[in-house]
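Below is one structure, written out as structure tokens; the observations come after it.
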Amino acid sequence: MTAPDRLRLVHWIAAHVMPHEPAVRAWLARSLVSGSDVDDLIQEAYCRLSAVTAIESISRPDGYFFQIVRNLLRE
């Protein structure tokens, strides 16, 4: 990934994903996930998001973020 592409991805995550982090954390807390596990799940979700190469195909960043966390929780 080129530097401009990486920067575009970082800005996209900041604008379209990070605002949904509090809702994801609240959902995890309601699911009785411990605080340290919540932090680990969120961190891993961001790691996976950092590998996305086609953000144009993601129509619902909030749903995409939630789905990544759900999948991680199942793992």
Side-chain angles (χ1 to χ4, degrees):
M1 182 176 285
T2 66
D5 289 338
R6 172 71 53 199
L7 186 58
R8 193 166 135 263
L9 176 61
V10 168
H11 287 283
W12 181 85
I13 290 171
H16 300 285
V17 176
M18 290 181 77
H20 303 288
E21 183 178 327
V24 172
R25 285 182 176 277
W27 174 75
L28 287 168
R30 287 190 306 273
S31 300
L32 303 178
V33 176
S34 73
S36 62
D37 287 339
V38 168
D39 291 339
D40 290 344
L41 288 164
I42 296 293
Q43 179 65 32
E44 183 60 30
Y46 282 125
C47 287
R48 293 195 181 186
L49 280 165
S50 72
V52 171
T53 57
I55 57 175
E56 300 79 21
S57 64
I58 301 172
S59 60
R60 294 222 23 240
D62 59 331
Y64 192 77
F65 188 40
F66 268 95
Q67 191 60 51
I68 289 172
V69 173
R70 277 189 213 103
N71 292 344
L72 288 168
L73 192 56
R74 287 186 200 132
E75 291 174 12

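At distances below 3.5 Å, not a single donor-acceptor pair connects side-chain atoms of Arg25 with backbone N or O atoms of Gly35.
Expressed to the nearest 0.5 Å, how far CG of Asn71 lies from CD of Glu44 amounts to 11.5 Å. Met18 CE to Leu49 CG: the interatomic distance, rounded to the nearest 0.5 Å, is 11.0 Å. Taking CG from Leu32 and CG from Asp37, the interatomic distance works out to 12.0 Å, rounded to the nearest 0.5 Å. The NE2 atom of His20 lies 14.5 Å from the OH atom of Tyr64; values are rounded to the nearest 0.5 Å.
Counting all heavy atoms, side chain and backbone alike, Leu9 lies closest to Ser50 at CD2-O, 3.3 Å. Between Pro19 and Ala14, the shortest heavy-atom distance links the atoms CD-O, 3.4 Å.
Applying the side-chain contact (heavy atoms from CB on, under 4.5 Å) test to Leu73 and every residue at least two apart in sequence or in another chain returns Trp27, Leu28, Val33, Leu41. Listed by chain and residue number, Cys47 satisfy the side-chain contact (heavy atoms from CB on, under 4.5 Å) test with Gln43 (two or more places apart in sequence, or in another chain).
Between Val52 and Trp12 the shortest side-chain heavy-atom distance does not fall below 4.5 Å.
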So Leu72 and Arg48, side-chain contact (heavy atoms from CB on, under 4.5 Å) or not? Walk me through it.
-> CA-CA 10 Å; Leu72 288 168; Arg48 293 195 181 186; 3.3 Å; yes
Derivation and outcome, side-chain contact (heavy atoms from CB on, under 4.5 Å), residues Phe65 and Ile13 = CA-CA 10 Å; Phe65 188 40; Ile13 290 171; over 6 Å; no
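Counting non-hydrogen atoms of neighbouring residues, nucleotides and ligands closer than 6.0 angstrom, the CE atom of Met1 exceeds 12 such neighbours.
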